[in-house]
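Take a look at the structure set out below.
In this chain, numbering begins with 1 at the start of the sequence shown.
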Amino acid sequence: MNKITGVILAGGQSSRMGTDKGLMLLNEKPMISYLIKLLKPIVEEIIIVANSVKYEAFGLRVFPDKMMMKGPVGGIYSGLFHSNTEKVFVVSCDTPFITQELVQLIIDADNGNDVVISKHNDKLEPLIGLYSKNGMDVFKNCIDQDKLKLIKVLDRLDTKIIDLDKSEVDSSVFYNINTPIEFKNASNENRD
């Protein structure tokens, strides 16, 4: 087990879905439960950043965004703030298909960086990555200045990017669910 806190981001507005994504039942289980099961054997603790008390049903510590309406930048900052470890593994609640292989690959690539994320087909995946408390000041400054584009924040940090096109990881693990159509397609996938 790694001395890392798992941070599941579930505080988004879910505007395209119209309902709280993490609590939607995917093959009869709340979407967030896939990520809890995935992270449990890898990290020391899991916390949920969410603005709904309904997430307390999972028996984990739940924290609202420290600063509301600041998107993923605010969510990651909140996770770093409330973590008891130096490093946190951040994952968005709408990516239920990520694998332990991917999480471990990202963790193993850490070389004391502020951030370790991956990319595939030249697309960065910043909402699945390892973040360090070293970057908290940068996150806070960006929030204070209302600079909320996560990629721009990462440009100001020591960010290591793993190119998954050169690995064995199947890019379908990044399938994220933002709309009812994407949810329907995901429900047709037979994954545990």
Self-check item: Working for side-chain contact (heavy atoms from CB on, under 4.5 Å), residues K149 and V153
Solution: CA-CA 7 Å; K149 287 217 180 297; V153 178; over 6 Å; no
Quiz item: Checking side-chain contact (heavy atoms from CB on, under 4.5 Å) for the pair L9/V90: CA distance, chi angles, key distance, verdict?
Solution: CA-CA 7 Å; L9 301 179; V90 170; 3.7 Å; yes
Quick check: do [X] and [Y] have side-chain heavy atoms less than 4.5 Å from each other?
X	Y	value
L25	P30	yes
S118	I161	no
N2	E44	no
V73	F139	yes
I8	Y55	no
T159	D114	no
E45	T85	no
T5	V7	yes

Look up atom [atom1] in [X] and atom [atom2] in [Y], then write down how far apart they are to the nearest 0.5 Å.
X	Y	atom1	atom2	answer
K160	D110	NZ	CG	7.5 Å
K147	K152	NZ	NZ	10.0 Å
Q145	K140	CD	NZ	10.5 Å
D65	S78	CG	OG	4.5 Å
H82	K66	NE2	NZ	5.5 Å
M136	I143	CE	CD1	9.0 Å

Exercise. Let me know which of V138, L124, V115 forms a side chain to side chain contact (heavy atoms under 4.5 Å, CB included) with L154.
Key: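 When side chain to side chain contact (heavy atoms under 4.5 Å, CB included) is applied between L154 and each of V138, L124, V115, only V115 qualifies.
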What closest approach, in Å, do [X] and [Y] show between heavy atoms, and which atom pair accounts for it?
X	Y	value
P126	Y131	O-OH, 2.6 Å
L130	I107	CD2-CA, 4.2 Å
P72	L127	CB-CD2, 3.7 Å
L148	C142	CD2-O, 4.4 Å
C93	A10	SG-CA, 3.9 Å
S33	F58	CB-CE2, 4.4 Å

Quiz item: Is a side-chain N or O of S132 found less than 3.5 angstrom from the main chain of G135, in a donor-acceptor match?
Solution: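 Here the side-chain-to-backbone pair does not exist.
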Exercise. With side-chain contact (heavy atoms from CB on, under 4.5 Å) as the test, would you mind laying out the steps for R61 and V49 before giving the verdict?
Key: CA-CA 9 Å; R61 293 196 302 148; V49 176; over 6 Å; no
Quiz item: Does V43 have any side-chain contact (heavy atoms from CB on, under 4.5 Å) partners at least two apart in sequence or in another chain, and if so, which?
Solution: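 Expected list: I4, L39, I46.
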Practice problem: Please determine if K70 forms a cation-pi arrangement with Y77, meaning its NZ or CZ atom is less than 6.0 Å from the six-membered ring centre and no more than 45° off the ring axis. | Solution: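 Here K70 fails the 6.0 Å and 45° test against Y77.
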Quiz prompt | L38/I98 under side-chain contact (heavy atoms from CB on, under 4.5 Å): CA gap, chis, key distance, verdict | solution = CA-CA 8 Å; L38 169 90; I98 65 166; 3.4 Å; yes
Quiz item: Would I76 and I151 show up in the same hydrophobic cluster when neighbours are defined by side-chain heavy atoms closer than 4.5 Å?
Solution: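 Yes; tracing contacts between hydrophobic side chains, which count when under 4.5 Å, links both residues.
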Self-check item: Residues E125, K123: salt bridge by 4.0 Å N-O rule
Solution: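 A salt bridge links E125 with K123.
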